[in-house]
Novice: 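My questions all concern the structure below.
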Amino acid sequence: MNSNKRILSIVAVVLLLLGALGVGLLLADTPVRAFAQDLTDAEEDEREGEDEPITGEALERASAAALDYVGEGEVTDSEVGDEEGFYEVEITLDNGQEVDVHLDEQFNILGREDEVEDEDEDEAEGEDTPITDEAALAAASAAALDYVGEGEVTDTEVGDEE
């Protein structure tokens with residue numbers, strides 16, 4: 001009897017979590033379709049709109065702060081209104097690797113993002129874990145297909161970064 005209650009409790013928690021996920025996806029600004037496909041950099045840039053480069057004194061201050069933070073390299077690009085901060089400064093390191101440094105409006109460092117080549121990206125992220133629980137798979141598949149309107153579920157993942 002305790003075993004049945006435990007299984008029912010686990011199923012109820014999973015269904016509640018899937019329901020919350022479904023509501024979150026419906027309320028999110030970014031449609032599920034964006035997550036269901038791999039966008040090229042050009043397609044992503046087109047969807048986000050044109051980047052506005054940092055200019056003038058702001059470029060000098062942002063560049064100096066970013067270079068000081070990273071410790072080496074050359075500023076190769078910049079952006080105002082970055083999704084991770086107010087400014088983004090791209091630095092190409094001496095070894096050719098690119099690093100994006102995110103800053104707030106006062107030029108304080110918020111963090112950095114090391115660019116990873118596409119073929120190395122899957123390796124850096126680790127292995128994907130598919131949804132294996134039948135009830136969770138059915139519920140997630142139904143929610144995705146309902147949202148998209150048509151198609152076939154070909155792959156699933158638990159704990160996706162998005």
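The first residue in the sequence is number 1, and the count goes up from there.
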Novice: Which residues satisfy the side chain to side chain contact (heavy atoms under 4.5 Å, CB included) test with T76, sequence neighbours excluded?
Specialist: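 T76 satisfies side chain to side chain contact (heavy atoms under 4.5 Å, CB included) with E90, T92 once adjacent residues are dropped.
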
Novice: Got L110 and L103 here, is their nearest side-chain heavy-atom distance under 4.5 Å?
Specialist: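 A side-chain contact is absent here, since even the closest heavy-atom pair is not under 4.5 Å.
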
Novice: Listed by chain and number, what are the salt bridge (charged side-chain N to carboxylate O under 4.0 Å, His left out) partners of D77, not counting sequence neighbours?
Specialist: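 So D77 forms no salt bridge (charged side-chain N to carboxylate O under 4.0 Å, His left out) with any residue.
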
Novice: Output all residues satisfying side chain to side chain contact (heavy atoms under 4.5 Å, CB included) with A142, sequence neighbours left out; order by chain, then residue number.
Specialist: none

Novice: Of the non-hydrogen atoms in I54 and S78, which two are nearest, and what is the gap between them?
Specialist: N-OG, 3.0 Å

Novice: Quick one: closest heavy-atom pair of E74 and L67, and the distance?
Specialist: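 That closest heavy-atom pairing would be N-CD2, 4.3 Å.
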
Novice: Of all residues at least two apart in sequence or in a different chain, which pass the side chain to side chain contact (heavy atoms under 4.5 Å, CB included) check with L93?
Specialist: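 L93 satisfies side chain to side chain contact (heavy atoms under 4.5 Å, CB included) with V70, E72, I91, N95, Q97, V99 once adjacent residues are dropped.
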
Novice: With sequence neighbours excluded, tell me which residues meet ring pair (Phe, Tyr, Trp, His ring centres under 6.0 Å) with F107.
Specialist: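 With neighbours one apart ignored, the set is Y87.
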
Novice: Is there any side-chain hydrogen bond (donor to acceptor under 3.5 Å, both in side chains) pair reaching into residues 103-112, and which pairs are they, with sequence neighbours excluded?
Specialist: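 For residues 103-112, and leaving out neighbouring residues, the side-chain hydrogen bond (donor to acceptor under 3.5 Å, both in side chains) pairs sorted by first residue read D104-N108, R112-D114.
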
Novice: Is there a side-chain contact between E113 and E84 (heavy atoms, below 4.5 Å)?
Specialist: yes

Novice: Sequence neighbours left out, what pairs pass salt bridge (Lys or Arg N to Asp or Glu O under 4.0 Å) with at least one residue falling in residues 57-70?
Specialist: none

